[in-house]
Amino acid sequence: MQWEISPGFWLLLGLALLAGAGEVLPLVLVAAVCHELGHLAALGLLGAKVERFRLTAFGADIQADTRYMPYGRELLCTLAGPAVNLCLAFLFARVTGDYLLAGANLLLGGFNLLPVPSLDGGQALHILVSWWLDPMAADAVCRRVGLACGAALTVLAAVLTMASGGGLFL
């Protein structure tokens with residue numbers, strides 16, 4: 001497996017530190033590592049060969065040969081990352097009482113379930129629509145749902161920015 005870290009990842013990491021995310025950044029990175037390990041474990045258990053793992057400014061990109069994997073197994077691999085985060089959020093909150101780490105996992109897992117094409121939720125939606133209809137229909141559905149979700153998030157961000165009086169982190 002080929003491992004790669006893009007310059008954009010380092011740039012984003014540096015910007016986060018400059019913006020004052022030093023306290024929460026390690027928690028988010030731990031949650032992100034657990035998320036990706038969930039994907040990698042599912043892919044390995046279900047027999048998919050992981051060809052490349054790349055860290056970018058937009059997150060991790062795992063390229064695996066899933067061409068011959070049934071839709072159900074592909075869906076499990078896609079949802080494994082958010083599932084790990086949501087389980088860890090519950091465990092950290094209930095068992096250890098570490099609500100910051102629980103929150104980081106909950107936020108990362110929940111965010112990744114949004115039906116936006118580049119996120120796990122968007123990929124899961126594509127797999128489900130492909131399974132029920134066909135890949136061409138999935139492309140059309142995911143494009144529309146992704147645009148609607150993006151518009152809703154933009155409106156929500158504008159409302160939160162106005163309600164909080166502005167600021168970088170709302």
So which heavy atom on [X] is nearest to which on [Y], and how close?
{"X": "A57", "Y": "S6", "answer": "N-OG, 4.0 Å"}
{"X": "L101", "Y": "V30", "answer": "CD1-CG1, 4.3 Å"}
{"X": "S130", "Y": "P135", "answer": "OG-CA, 3.5 Å"}
{"X": "D134", "Y": "A137", "answer": "OD1-N, 2.9 Å"}

Query - W132/L128 under side-chain contact (heavy atoms from CB on, under 4.5 Å): CA gap, chis, key distance, verdict - result: CA-CA 6 Å; W132 293 331; L128 284 171; 4.0 Å; yes
Answer whether the closest heavy-atom distance between the side chains of [X] and [Y] falls below 4.5 Å.
{"X": "L91", "Y": "N105", "value": "no"}
{"X": "V50", "Y": "H39", "value": "no"}
{"X": "L106", "Y": "L86", "value": "yes"}
{"X": "F53", "Y": "E4", "value": "no"}
{"X": "L113", "Y": "L79", "value": "yes"}
{"X": "L108", "Y": "V28", "value": "no"}
{"X": "F58", "Y": "S118", "value": "no"}
{"X": "H35", "Y": "D120", "value": "yes"}

Rounded to the nearest 0.5 Å, what separates atom [atom1] in [X] from atom [atom2] in [Y]?
{"X": "T78", "Y": "L125", "atom1": "OG1", "atom2": "CG", "answer": "11.5 Å"}
{"X": "R144", "Y": "L147", "atom1": "CZ", "atom2": "CG", "answer": "9.0 Å"}
{"X": "L43", "Y": "M1", "atom1": "CG", "atom2": "CE", "answer": "10.0 Å"}
{"X": "T56", "Y": "F9", "atom1": "OG1", "atom2": "CZ", "answer": "9.0 Å"}
{"X": "H126", "Y": "Y71", "atom1": "NE2", "atom2": "OH", "answer": "8.0 Å"}

Report task. Indicate yes or no for a side-chain donor-acceptor contact from T66 to the backbone of M69 under 3.5 Å, with no hydrogens or angles considered. Result ->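 No: the side chain of T66 does not pair with the backbone of M69.
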Query raised in the report: For G110, does its backbone N or O pair with a side-chain atom of N85 as donor and acceptor, under 3.5 Å?
Result: no
Query - Candidate pair D61 and L55, rule side-chain contact (heavy atoms from CB on, under 4.5 Å), full reasoning - result: CA-CA 6 Å; D61 177 34; L55 293 175; over 6 Å; no
ILVMFWY cluster, [X] and [Y] together (side-chain gap under 4.5 Å):
{"X": "V84", "Y": "L40", "answer": "no"}
{"X": "L25", "Y": "W10", "answer": "yes"}
{"X": "L119", "Y": "L153", "answer": "yes"}
{"X": "V33", "Y": "L100", "answer": "no"}
{"X": "W3", "Y": "L29", "answer": "yes"}

Would the number of heavy atoms belonging to other residues, nucleotides or ligands and lying under 6.0 Å from [atom1] of [X] be above 12?
{"X": "E23", "atom1": "CD", "value": "no"}
{"X": "R54", "atom1": "CZ", "value": "yes"}
{"X": "F90", "atom1": "CZ", "value": "no"}

**Report entry** Trace of the side-chain contact (heavy atoms from CB on, under 4.5 Å) decision for C77 with L46
**Finding:** CA-CA 8 Å; C77 292; L46 295 174; 3.6 Å; yes
Query raised in the report: Does the pair I62 and E36 meet the rule for a side-chain contact (heavy atoms from CB on, under 4.5 Å), with working shown?
Result: CA-CA 8 Å; I62 299 173; E36 299 309 329; 3.3 Å; yes
